[in-house]
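Values in this document were obtained by computation on a predicted structure and should not be read as measured data.
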Amino acid sequence: MAMALKDLRKVRGTQPPRILIYGEPGIGKTSLAAEFPDAVFLQIEDGTPGDLELTSFGKIETFGDLMERVTQLYTEPHDLRTVVVDSATELQRLVWNETCARGDDKGNPKKQIEDFGYGKGYVYSLRVWQEVIDGLNALRRDRGMTVILIAHATVDRFDDPETVSYSRYEIDLHAKAVGMIERDMDAILFLKTPVSVKVEDQGFNKERAIGQGSRQVMIHTAGRPAYVAKNRYGMTEKIPFIKGEGFKALAKFLPVQEAEAEPIPATKSSKKAA
């Protein structure tokens, strides 16, 4: 069907957000995700904060179990509005195990992801990652669910073509997976406490630098040389994370979640959620 200028219309992003939250251990990633409305956790690692009570399927041990839970959330009636993967860093292990079990193009299984040779295993694993992303996107599109991925942070060297190399915080995933996931996220939020450096005179022309931190956790929403972050919602660059008020601080920037969608008949699930 031919298109014409009269067919132009104004559009807005109204679907629930896809958010990746990352940071160092114990910074509050799970606590922040748990504040989102009616959240269900797909837990792939242990470590639930002791002061939280989460809705969860329990620890997920295999890629097949994970996709079964995603399918259940897609096909069965429920009032849940947020799905949280905790964590994407540990999910990578399940993705690599599944990739090795499926094997190469000839169906030859491998014991480890490096056994494919020449980095091919990481390329093969992107097919498995895509299945996860497609399943989560189906929950967002057809069930109106916000999607949150939690990840750990790592410090890596960044080779900037415009200046000398420097260290910065990165998402703790293989580079190929990071590239795929970053493109799909509407927001990447980095949690960190501010650090100041105090220089102490040691005498004899010697000094010692002492790092001093704050108890205030900040949600960083825009990328800087020191870390990866982004958002499509016009968030302020830094948002204080006060436990119990984190979602409230973010919600004013996010699309309003509509009423829960009607359950999708099981006959359609295999095509959309699998």
Side-chain angles (χ1 to χ4, degrees), residues 9-23 28-44 52 54-57 60 66-67 69-88 91 129-151 171 180-191 219-222 228-236 239 241 244-265 268-269 271-274:
R9 57 192 178 92
K10 295 184 182 295
V11 297
R12 296 186 65 182
T14 57
Q15 286 192 305
R18 296 164 296 185
I19 300 173
L20 187 145
I21 301 171
Y22 80 109
K29 303 181 295 293
T30 300
S31 296
L32 176 57
E35 292 183 19
F36 278 70
D38 303 315
V40 58
F41 277 70
L42 302 178
Q43 291 183 289
I44 306 164
L52 287 182
L54 307 178
T55 299
S56 170
F57 290 101
I60 295 173
L66 173 74
M67 297 309 295
R69 301 297 178 255
V70 171
T71 299
Q72 289 172 336
L73 289 172
Y74 187 86
T75 59
E76 298 180 14
H78 62 75
D79 296 321
L80 300 164
R81 291 193 290 162
T82 304
V83 57
V84 182
V85 177
D86 191 3
S87 69
L91 171 57
W129 271 114
Q130 191 63 57
E131 292 177 22
V132 178
I133 292 172
D134 288 346
L136 295 175
N137 279 337
L139 293 177
R140 174 183 184 245
R141 180 188 63 241
D142 298 330
R143 298 305 305 265
M145 298 186 75
T146 292
V147 174
I148 297 179
L149 303 182
I150 294 175
I171 301 165
M180 170 182 283
I181 292 172
E182 281 185 348
R183 288 191 296 271
D184 220 48
M185 294 294 105
D186 300 305
I188 297 176
L189 308 179
F190 175 52
L191 270 59
I219 304 172
H220 298 269
T221 71
V228 178
K230 73 169 189 178
N231 79 92
R232 297 170 178 166
Y233 302 116
M235 295 178 178
T236 52
I239 300 174
F241 173 36
E245 299 180 17
F247 172 73
K248 182 180 178 181
L250 296 174
K252 58 186 177 183
F253 300 102
L254 302 176
V256 177
Q257 287 184 301
E258 302 296 335
E260 183 65 31
E262 290 297 320
I264 304 297
K268 296 183 181 180
S269 64
K271 295 181 180 180
K272 292 187 177 181

Legend entry - CD-CG distance between E131 and L136, expressed to the nearest 0.5 angstrom: 12.0 Å

Inset, instruction - From the options L149, V147, I150, select the one residue that forms a side chain to side chain contact (heavy atoms under 4.5 Å, CB included) with L20. - result: L149

Legend entry - Student check: side-chain heavy atoms of V132 and V85 closer than 4.5 Å: no

Legend entry - Check: D134 side chain, N137 main-chain N or O, donor-acceptor pair, under 3.5 Å: no

Inset, instruction - Output yes when a side-chain donor or acceptor of T146 lies under 3.5 Å from a complementary backbone atom of P16, and no otherwise. - result: no

Legend entry - Expected output: side-chain R143 to main-chain Y74 donor-acceptor under 3.5 Å: yes

Legend entry - Ionic contact status for D184 with R140, cut-off 4.0 Å: no

Legend entry - Shortest non-hydrogen separation from M235 to L189 and the atoms involved: SD-CD2, 4.2 Å

Legend entry - I21 side chain near L191 side chain, heavy-atom distance below 4.5 Å: yes

Inset, instruction - Could you pull out the closest heavy-atom pair between S87 and I44, with the gap in Å? - result: O-CD1, 4.0 Å

Legend entry - Within-4.5 Å side-chain heavy-atom neighbours: I188 and I171: yes

Legend entry - Contact check, side chains of V40 and M145, non-hydrogen atoms, under 4.5 Å: yes

Inset, instruction - Please round to the nearest 0.5 Å and tell me the distance separating atom CD1 of I239 and atom CG of L250. - result: 5.0 Å

Legend entry - Separation of K248 NZ from E35 CD (nearest 0.5 Å): 11.0 Å

Legend entry - Minimum heavy-atom distance between F253 and Y233, given as atom pair plus value: O-CB, 3.3 Å

Legend entry - L32 and I219, any side-chain heavy atoms less than 4.5 Å apart: yes

Inset, instruction - For residues G28 and F241, report the shortest heavy-atom separation together with the two atoms involved. - result: O-CE2, 3.6 Å

Legend entry - Within-4.5 Å side-chain heavy-atom neighbours: V70 and L42: yes

Inset, instruction - Give a yes or no answer on whether the side chain of Q43 reaches the backbone of D86 with a donor-acceptor pair at less than 3.5 Å. - result: no

Inset, instruction - Check whether any side-chain heavy atom of I148 lies under 4.5 Å from a side-chain heavy atom of F36, and answer yes or no. - result: yes

Inset, instruction - Grab the two heavy atoms, one from A39 and one from T55, that are nearest each other, plus how far apart they are. - result: O-CB, 3.5 Å

Legend entry - Any donor-acceptor pair under 3.5 Å from N231 side chain to T221 backbone: yes

Legend entry - Heavy-atom closest pair, residues F190 and G23: CE1-CA, 4.1 Å

Inset, instruction - Report yes if some heavy atom in the side chain of R69 is under 4.5 Å from a heavy atom in the side chain of I60; otherwise report no. - result: yes

